[in-house]
Engineer: 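My questions will all concern the structure given below.
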Number of protein chains: 2
Amino acid sequence: MESLVANIHDVARVAGVSISTVSYALSGKRSIAASTKQRIDQAVLELDYRANAGARMLKGARTQILALSAPLHAGTHAPAHMAFVLSVVTAARAYDYDVLLLTQDEATMGLRRVARSSLVDGIVLLDVSTSDPRTELVRELGLPATVIGIPNDTAGLTCVDLDFEEAAVLAVRRLVDLGHREIGLIGQAPLVYERGSNFPPRFRDAFLAEAARLGVTVAFTPAAEESAGVRAAVDLVTAALPGMTGLVLHCNEPVQSMVLDVLGQRGISVPGDLSVISACSSFSTDHLNPPLDVIPLPADQSCTRAIELTMAQFAGDTEPHVEYITPTYVELGSTSAPTPL
Amino acid sequence: MESLVANIHDVARVAGVSISTVSYALSGKRSIAASTKQRIDQAVLELDYRANAGARMLKGARTQILALSAPLHAGTHAPAHMAFVLSVVTAARAYDYDVLLLTQDEATMGLRRVARSSLVDGIVLLDVSTSDPRTELVRELGLPATVIGIPNDTAGLTCVDLDFEEAAVLAVRRLVDLGHREIGLIGQAPLVYERGSNFPPRFRDAFLAEAARLGVTVAFTPAAEESAGVRAAVDLVTAALPGMTGLVLHCNEPVQSMVLDVLGQRGISVPGDLSVISACSSFSTDHLNPPLDVIPLPADQSCTRAIELTMAQFAGDTEPHVEYITPTYVELGSTSAPTPL
DNA sequence: CGTCACTGTCGAAACGTTTCGACAGTTCGA
DNA sequence: TCGAACTGTCGAAACGTTTCGACAGTGACG
């Protein structure tokens, strides 16, 4: 006839010590005799004891819970989104933190609720737009918070993200170094640009700027999700750039796959006729046909760093700042020097 | 110089009443004079007061948090998975519940942890396999829990899911009623069947059984995710069934899209030469080319019901049982009577 | 006019933990 | 050999809420 879940009194009784001894034994904040510690551990195991979360929160002022604000916008690619959510949860667990998931309207509204009720110790923001109401809210709440992505106004905020500008530079340089002089860029769906998502224009603008700097001719087009939209996008860049020998894809997995299909149908071989680079992709390109050179968008790296930064804010040894993750280039054989006409 | 977050004492002081009066005013569990109530509401607004979550948990034995155990297995389609996660979170919020997300190994390990520490009031299980260690764990923990999906052993469990068997029957009947006598079924990726996910075989077996019952000829094949695998699957069913005039797709979005592409390449028109049905799809088929008749997999419906059932368990007015959601058939013009040879 | 039920409010206990200060008992250097 | 320093343990306070029981005031009824 035992209660549903054991508490610290039960453990103390079974081990024959006081509750403070149990607490110190488990936290290790004071020295405990080895024999006592052993009896306590035994009792804990026997009773399957875990400290009551509510009591711990109340007393300790630490909830060991993080709020993850992750609205899923139309046009956001679900698998990529999922990869970030998963990475955040996994990274948080490494610091013994659980994650409360706030989606859709709760991504904003719920933030205030859980913060003001001291349900969470910190906040992670996903998929911020250039001008996102959540950034203002986070500033107001004054809780440790980390933004994955770069909003327009980063004052007072801790942000981390892949250096999309540098990624664009990397892509352009690679093609230019190989000798390409006319390169295309197929981007995200139009509505992604319209919605104010932060990274697509960052990539595009840096791409165009670097190309201009190096004096190569470029054409850019967004690409809608459906196969018709993809076909249209491919036709558009090839029409704009009849001598195009290099192409960069900054779009989601199915679109990249469809682009390759369309190229195949058009009789364009990769990299024979066209060098193709997959930029800032959160998925593996090695099952594409052909596998594409890729500048990965490392969700786990961004998220791990975001959690580290949040923990650093708990410790108080960090100032708000913006951190960029350096992109890398992975060769998989989809680029080569342009074939002379 | 005001503390970071206001507590009930602050509210009481500002409103000039005792803390118990504040508590009763906010919970409505005892009658309060209109004027007093008004002063309290005013103070709450002014201080942006929210009851401390830890204290509420500790005293009330209700945490207003649900654990969502959602491992993302290889082969699970991320968008579909995401749809379920989102639906659970949204449905839970309607009952003022927040959701703690447990993924990957934490989906099992973390369940025990959060349950034993009384962090959560209940549990929702996603993506259960036929024989899932989490079902045993849930039985052991004795917390209110709802399983989305049907494991082999449902004893003592509350489960809810689309009636995949009935969905299969619906698909077969539709084709047979139109006059088709040779119908194919393209299923999920092979590893989904191997992993022991519960619904794919349920659909497949019911499909084959109903076809046998009605005396029509069938061929089944799984389909790997890549375009080569899809092509192979299409070739396999057409080879097995030279006279095939009906085809049912029980696979994810990109695969269905690729199947339609392959059919187009093979010069097979839908529904002219082949009637095609999209079965148990969590996405909208109306942007496919052509849009497919569909038996939707309504994530929101399953999840809403799952939350309802969990809440019913809190109230104690429900026994463990299995509930099936009745599938519906949506016509979008991708089926017709077979053309006579 | 005395009793009764009802309304509105309050004080205090309880929830389970962490942690501060206290205190025996032991060890050690002077 | 005596106090100082250290070790291991304990009791009690505090965290912020909810809720039980109490009680003063009010109007109704006999």
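Chain A is the first sequence line, chain B the second, and so forth, proteins listed ahead of strands; every chain is numbered from 1. Nothing here was measured: the structure is a model prediction, and the numbers come from that model. When reading the values below, keep in mind they use all heavy atoms of this one structure, side chains included, and skip hydrogens, waters and symmetry mates.
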Engineer: Taking only distance into account, with no hydrogens and no angle test, what donor-acceptor pairs under 3.5 Å do side-chain atoms of residues 49-57 of chain B form with protein atoms, sequence neighbours excluded?
Structural biologist:
| from | atom 1 | to | atom 2 | distance (Å) |
| --- | --- | --- | --- | --- |
| R50(B) | NH1 | D48(B) | OD1 | 2.4 |
| N52(B) | OD1 | G54(B) | N | 2.8 |
| N52(B) | OD1 | A55(B) | N | 2.8 |

Engineer: Regarding E106(A) and S69(A), is there a side-chain donor-to-acceptor distance under 3.5 Å anywhere?
Structural biologist: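 Distance-only check fails for E106(A) and S69(A).
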Engineer: At under 4.0 Å between heavy atoms, what does T36(A) touch on the DNA or RNA strands: base, sugar-phosphate, or nothing?
Structural biologist: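 Sugar-phosphate, backbone atoms only, no base.
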Engineer: Give a yes-or-no answer on whether the side chains of T158(B) and T146(B) include a donor-acceptor pair shorter than 3.5 Å.
Structural biologist: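 No - no donor-acceptor pair under 3.5 Å links their side chains.
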Engineer: Please determine whether salt bridge (Lys or Arg N to Asp or Glu O under 4.0 Å) holds for the pair D127(B) and R134(B), giving the CA-CA distance in whole Å, both sets of side-chain angles, and the decisive distance to 0.1 Å.
Structural biologist: CA-CA 11 Å; D127(B) 208 355; R134(B) 292 177 293 162; over 6 Å; no
Engineer: Using whole Å, what does the distance between atom C1' of nucleotide dC6(C) and atom CD1 of I32(B) come to?
Structural biologist: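 So the two atoms are 15 Å apart, to the nearest Å.
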Engineer: With a 6.0 Å cut-off on the ring centroids, do Y95(A) and F314(A) count as close?
Structural biologist: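 Distance test on ring centres: not under 6.0 Å, no.
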Engineer: Mind calculating the distance between NZ (K29(B)) and P (dT17(D)) to the nearest angstrom?
Structural biologist: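 Result: 15 Å.
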Engineer: So which atom in A91(B) and which in C303(B) form the shortest heavy-atom distance, rounded to 0.1 Å?
Structural biologist: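 Taking every non-hydrogen atom into account, CB-O, 4.1 Å.
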Engineer: Considering only nitrogen or oxygen atoms on both sides, find all protein atoms under 3.5 Å from nucleotides 12-16 of chain D and state each distance.
Structural biologist:
| from | atom 1 | to | atom 2 | distance (Å) |
| --- | --- | --- | --- | --- |
| dA14(D) | N3 | K59(A) | NZ | 3.2 |

Engineer: Ignoring backbone atoms, establish whether S31(A) has a side-chain N or O less than 4.0 Å from OP1 or OP2 of dT7(D).
Structural biologist: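 Answer no for this pair, as no side-chain N or O of S31(A) is under 4.0 Å from OP1 or OP2.
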Engineer: Going by atom types alone, do D121(B) and T63(B) pair a side-chain donor with an acceptor below 3.5 Å?
Structural biologist: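 The criterion, which ignores hydrogens and geometry beyond distance, is satisfied for T63(B) and D121(B).
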Engineer: Below 3.5 Å is the cut-off: list the nitrogen or oxygen pairs between protein and nucleotides 21-25 of chain D, distance only.
Structural biologist:
| from | atom 1 | to | atom 2 | distance (Å) |
| --- | --- | --- | --- | --- |
| dG21(D) | N7 | R30(B) | NH2 | 3.1 |
| dG21(D) | O6 | R30(B) | NH1 | 2.2 |
| dG21(D) | O6 | R30(B) | NH2 | 3.2 |
| dA22(D) | N6 | R30(B) | NH1 | 3.3 |

Engineer: Taking for each residue the nucleotide of DNA chain C with the nearest heavy atom, is it S27(A) or K37(B) whose nucleotide lies nearer the 5' end?
Structural biologist: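 Nearest-nucleotide comparison on DNA chain C picks K37(B).
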Engineer: To the side chain of S18(B), which of dT19(D), dT19(C), dG11(C) is closest?
Structural biologist: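 In terms of side-chain proximity for S18(B), the closest of dT19(D), dT19(C), dG11(C) is dG11(C).
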Engineer: If you measure from the Lys or Arg side-chain nitrogens to the Asp or Glu carboxylate oxygens, is any gap between D105(A) and R93(B) under 4.0 Å?
Structural biologist: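 No, no charged N to carboxylate O under 4.0 Å.
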